Amino acid sequence: MRYEILYKTNLMSDKITSMDENTYNYVSIERKWQNKWFEANINVAQREKQKKFFLHFAYPGVSGYLHVGHMRGFTYCDVIARYKRMIGFDVLFPAGFHASGIPSVGFAKKVERQDEDTLRLLKQSGCPEKVIKRLTDPVEVVKYFSSVYVDKYWKRFGFLIDYTRQMNTISEGYKKFIQWQFHQLHEKKLLIQKPHFAPYCPNCGPVAVDKSETDVAQGGSAEILDFSVLKFTLNDGTILPAATLRPETIFGVTNMWVNPTVKYHTALVNNEIWICSKECIQKLSYQHDNVQPLQKTIEGKDLIGKTCIVPEINREVPILAGVFADPTVATGIVMSVPAHAPYDWIALVESKEPIEAIKIIDVKGFGNNPAKEACDHLGIKSQTETEKLNEATDMVYKKEFHTGILNEKCGQYAGIKISEIKDTVKNDLIQKSLATTMKEFSEPVICRCKEKVMIKQIPDQWFIKYSDAHLTQESKDYTASMNIYPQEYKEDLPKILDWFGDRAAIRRGSWLGTEFPYKKDWIIEPISDSTLYPAYYVLSSYVNQNKLTVTEMTDEFFDYVFLGIGIPKQPLWQTIQSDFNYWYPVDINLGGKEHKTVHFPVYIMNHVAIMPEQKRPQGIFVHWWVTQKGKEKISKSKGGAEPIVEAAVMYGVDAMRLYYLHIGSPFVDIEWDPDAVMKYKNRMATIWRLVKQLSILKDQQQKNLDNWLKSILQRRIQKILTAFETYDLRVSSNEIFFEIQKDLQWYLRRGGANKKVLESYIRTWILLMAPITPHLAEELWETQGEKQFVSNESYPVFNAKDISEKDEVGEYLLTKVIDDVNEIIKVTKMTPKKICIYTSPAWKQQLFRKALEHAAQKNLNPGQLIKETMDDPVMKPLGQQVSQFIAKIAAEVKTISENDCTRFMIPLDEKKHLTDAISYLSEVFHCPVEIYGADDANVYDPAKKIKFATPLRPALYIE
RNA sequence: GCAGGGGUAGCCAAGCAUGGUCUACGGCGACAGACUCAAGAUCUGUUCCUGAAGAGGUUCGGGGGUUCAAAUCCCUUCCCCUGCACCA
């Protein structure tokens with residue numbers, strides 16, 4: 001039997017491209033729907049469904065304009081919020097501003113001193129002159145940028161944030177809330193006082209030393225080192241303090257190094273006379289209570305040749321000249337341990353003094369003098385080779401720290417690993433007044449005011465006691481029951497909670513924040529005032545409506561609302577409490593990876609400490625960053641960040657939303673790539689055109705194909721829903737925007753045109769898109785004749801009735817045939833004039849399914865199956881063909897997945913299915929196609945290919 | 001110091017928990033073709049190597065191991081990156 005060859009018009013290329021003049025005007029469409037949403041207040045949280053979902057992102061600091069990188073996390077949050085709405089939750093998605101701390105003050109200062117970059121940025125970003133003038137006031141900075149974030153960023157991106165609950169951390173109500181929180185912490189004995197060391201500028205007061213270098217002009221990545229200062233004594237009892245990071249090496253000291261070119265100063269330190277560098281005295285005076293500089297100075301060279309006594313071991317050692325002893329580093333005086341410190345070894349060699357190194361650490365891989373060996377290894381000859389010396393020092397130090405053991409020369413510490421004994425030695429020496437400590441930056445840190453930043457002791461700093469054993473344990477236990485994404489972070493959290501130490505909770509200075517209730521003029525620092533804040537979103541709604549006044553926000557009020565303690569003073573308290581009980585706890589708190597070790601741990605611990613058990617956070621979602629090319633974090637200071645407002649116009653916000661979701665999983669850094677975003681923009685327009693175009697199709701039914709489309713859509717829905725439930729947003733977006741489109745294109749190319757099927761398919765597709773590209777979805781929804789918001793519709797659910805495994809296998813067969821033909825064409829490099837397809841005979845189909853049955857039961861035994869088959873009188877005449885066939889398919893069948901196994905077992909008329917697709921096949925290969933069944937009579941088979949036909953793998957002959 | 005993350009084809013990036021269905025999702029780029037006045041638009045195909053019939057071979061930082069079977073488990077080694085200390 002032969003079929004007429006049909007050449008069909010290609011719908012995809014022909015008709016659709018002819019609509020090009022009809023362009024997708026995303027900017028006006030976005031505006032249109034945003035206006036409608038916010039007019040209808042669909043973003044305002046309502047208590048209706050008795051099923052709630054509370055999510056929010058870690059509120060941003062208010063320090064200037066944001067860039068496209070920031071929108072990633074916000075977008076995740078909105079997509080999840082929209083998804084949850086559509087699957088039937090009352091969603092509370094509020095937002096606020098973290099206004100406390102330095103950032104807004106810093107910004108205001110820049111405006112005040114007329115910083116050029118800042119003013120230019122403001123003008124470029126469209127900030128009116130009048131407003132700029134006001135921005136010398138930090139509170140105005142907060143006000144201005146809050147409005148920018150809301151209007152220019154969040155609303156512009158279509159975020160259904162409940163803006164009626166907007167709040168910030170410097171409002172009077174919030175401060176009352178924080179004070180209540182600190183009263184709670186105090187009551188629970190979680191506020192403690194102890195000395196603290198912090199970066200401090202003599203001019204400006206406390207400063208932050210961090211990589212963004214907000215406060216400092218230089219040294220942002222400096223670390224604070226903890227030096228041990230060992231008290232060596234001269235003959236007259238004067239102290240020669242040597243600073244070291246390795247106090248345990250005191251047993252190996254052979255001499256001292258003093259810089260002969262330096263003039264040393266003296267000071268009275270706790271009634272001891274110390275000789276050290278001038279810089280050291282200044283530093284000490286910030287860190288110790290009783291430091292009085294004395295007039296007397298001593299030239300370094302005058303000290304050389306004297307001797308001093310090593311503390312603890314009371315050995316007399318000489319003082320030698322060492323030019324590498326830097327007066328700006330620690331005390332300026334160095335003890336020499338030539339066996340274990342490469343600097344000391346080389347200096348000793350250069351001094352030509354007849355001094356033997358004393359080895360006190362046994363370490364694998366080194367012999368009698370690790371320092372010497374490291375120097376020899378790197379070919380170091382002189383004290384001036386600092387780079388190599390640092391490398392040698394690092395090498396020796398690391399090796400000794402991790403694997404070294406103190407030897408018999410170390411008295412009571414002998415036989416113990418360095419990593420275990422280091423602190424013990426230090427503490428013992430301090431105990432005996434033979435040593436003290438001194439903090440020092442690893443590199444010079446210069447304040448913005450050009451002054452050198454010191455480290456200052458605050459003797460009675462208040463801390464939140466996160467080290468509390470009970471609190472830590474309870475928090476760790478609690479995290480096990482939380483929904484935390486990614487999974488890795490869930491595993492890290494207990495370790496982080498263990499590691500998280502006490503946090504200095506207050507500071508003095510002109511920063512914004514809440515006054516600390518137990519010490520006047522001290523402000524609670526910004527991390528500590530941002531731990532329970534989601535709870536405030538319940539109140540802020542009432543505060544903003546002026547229903548709840550600041551004076552009413554007493555401790556009793558908070559006790560009642562949050563803890564259920566006491567009685568309500570007025571009905572409003574009950575309303576608010578009921579709201580709190582409805583919405584709280586938070587289901588998802590979403591934040592960038594920078595919050596992993598700071599914000600999230602304290603967020604959990606404060607809830608565990610203060611809130612009732614059922615109000616503890618349910619989930620945390622951590623997302624990674626958008627980086628610039630080259631993996632650098634986008635930052636304003638480094639430049640190159642694309643402004644949000646411009647980007648929104650350039651690409652469209654739906655495209656950007658999809659870009660954030662699809663370019664990588666939430667748990668990797670992604671590079672901001674304008675070309676890539678452009679691709680997503682094109683995709684928005686393509687989908688828009690595609691959907692519009694479908695209406696002009698001529699209605700036509702193809703049962704198998706139509707059923708396949710319905711079936712595959714259900715498969716997609718299933719995958720999408722599963723992915724959404726675990727916030728695997730990349731998979732969801734991939735299915736919705738790529739796979740579904742691919743399916744549809746396949747359907748159309750195959751000649752599918754069933755109006756009813758397509759209509760319902762498109763409706764479902766639009767619904768699926770809605771959480772991710774809501775503007776596009778609304779616009780398309782409207783073209784479907786809908787009057788309501790798609791954002792308010794129910795999300796599609798999986799419908800098993802539409803699954804048609806038979807038709808899925810049919811399309812699988814078809815693609816298989818196409819793949820095989822393509823491969824043959826590729827290998828033979830021929831241009832086909834005719835393609836013959838031979839489906840396998842009935843007996844093979846029968847045997848194939850039997851083999852599948854056996855495989856499904858995991859007892860496929862080829863020999864057994866052959867025997868069984870031969871017992872069948874119908875099969876018997878086929879003889880050897882049977883055994884050959886079974887032997888061939890046995891291995892293949894075993895590797896078929898369980899799912900496919902069931903599907904393949906369903907009988908399929910391969911010939912009919914392929915025949916239905918014959919016009920498509922001939923169109924794809926540009927030649928006539930003939931389909932034969934192996935059981936047919938008079939089959940055209942010149943190359944004797946027919947015998948190769950197997951089920952789902954027809955034989956092929958190409959001319 | 002303490003704590004953590006990662007090395008996958010030209011690039012980005014899934015997969016690794018529960019080993020086989022992984023030549024390894026998807027995207028980008030590149031190449032070819034289609035449609036076009038044209039396009040950074042769209043559609044189709046190809047994109048590790050070999051192959052004139054639908055096949056075979058080699059890959060997931062390096063080395064070793066467990067296993068019938070490893071990107072996935074174990075050991076070892078090299079290399080990148082991040083967080084924290086009054087930034088948030």
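All figures in this text were calculated on a predicted structure; none of them were measured in a lab. Sequence lines set the chain letters: A, B, ... in the order given, protein chains first and strands last, and positions in each chain run from 1.
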When you check every protein heavy atom under 4.0 Å of nucleotides 52-60 of chain B, what one-letter string (B, S, -) results, 5' to 3'?
-> SBBB-----

Contacts to RNA chain B from residues 193-200 of chain A, heavy-atom cutoff under 4.0 Å, which residues?
-> A:His196, A:Phe197, A:Ala198

B:A17 OP1/OP2 closer than 4.0 Å to side-chain N/O of A:Gln487 | no

For B:A85, does OP1 or OP2 lie under 4.0 Å from any side-chain N or O of A:Arg503?
-> yes

Apply salt bridge (charged side-chain N to carboxylate O under 4.0 Å, His left out) to [X] and list each qualifying residue two or more places apart in sequence or on a separate chain.
{"X": "A:Glu248", "result": "A:Arg246, A:Lys422"}
{"X": "A:Asp498", "result": "A:Lys476"}
{"X": "A:Lys679", "result": "none"}

Find the partner of B:U42: check Watson-Crick (N1-N3 plus N6-O4 or O6-N4) and G-U wobble (N1-O2, O6-N3) distances, both under 3.5 Å, and reply none if neither fits.
-> B:A34

If B:A70 has a Watson-Crick or G-U wobble mate with both distances under 3.5 Å, name it; if not, just say none.
-> none

Non-neighbouring partners of A:Asn734 that pass side-chain contact (heavy atoms from CB on, under 4.5 Å), sequence neighbours left out = A:His662, A:Phe738, A:Glu739

With A:Pro195 via side-chain contact (heavy atoms from CB on, under 4.5 Å) - residues at least two apart = A:Gln457

Base, sugar-phosphate, or nothing for A:Val924, non-hydrogen atoms under 4.0 angstrom?
-> nothing

Using atom names, set out every protein N or O paired with an N or O of nucleotides 2-6 of chain B below 3.5 Å, distance rounded to 0.1 Å.
residue : atom : partner  : partner atom : Å
B:C2    : O2'  : A:Trp499 : NE1          : 3.4
B:G4    : OP1  : A:Lys495 : NZ           : 2.9
B:G4    : O3'  : A:Asp492 : OD1          : 3.4
B:G4    : O3'  : A:Asp492 : OD2          : 3.4

Among the nucleotides B:C43, B:A88, B:G45, which one has an atom lying closest to any side-chain atom of A:Asn822?
-> B:G45

Where the side chain of A:Glu223 is concerned, which of B:U44, B:G1, B:A88 is the nearest nucleotide?
-> B:G1

Extract from the structure each pairing of a protein N or O with an N or O of nucleotides 26-30 of chain B at less than 3.5 Å, listing the distance.
residue : atom : partner  : partner atom : Å
B:G26   : O2'  : A:His662 : NE2          : 3.4
B:G26   : O2'  : A:Asn734 : OD1          : 2.8
B:G26   : N3   : A:Arg730 : NH2          : 3.2
B:G29   : OP1  : A:Lys679 : NZ           : 2.9

Quickly, which of A:Asp820, A:Thr839, A:Ile889 forms a side chain to side chain contact (heavy atoms under 4.5 Å, CB included) with A:Arg953? Name it, please.
-> A:Asp820

Mind checking side-chain hydrogen bond (donor to acceptor under 3.5 Å, both in side chains) for A:Asn427 and listing every partner two or more places apart, or none if nothing turns up?
-> none

Who passes side-chain hydrogen bond (donor to acceptor under 3.5 Å, both in side chains) against A:Tyr659, sequence neighbours left out?
-> none

Flag the pair A:Phe97 / A:Tyr149 as yes when their ring centroid distance falls below 6.0 Å, and as no otherwise.
-> yes

Do A:Phe463 and A:His196 make the cut of ring centroids closer than 6.0 angstrom?
-> yes

Which residue pairs satisfy the salt bridge (Lys or Arg N to Asp or Glu O under 4.0 Å) criterion with at least one member in residues 727-738 of chain A, sequence neighbours excluded?
-> A:Arg716-A:Glu735, A:Lys719-A:Glu735

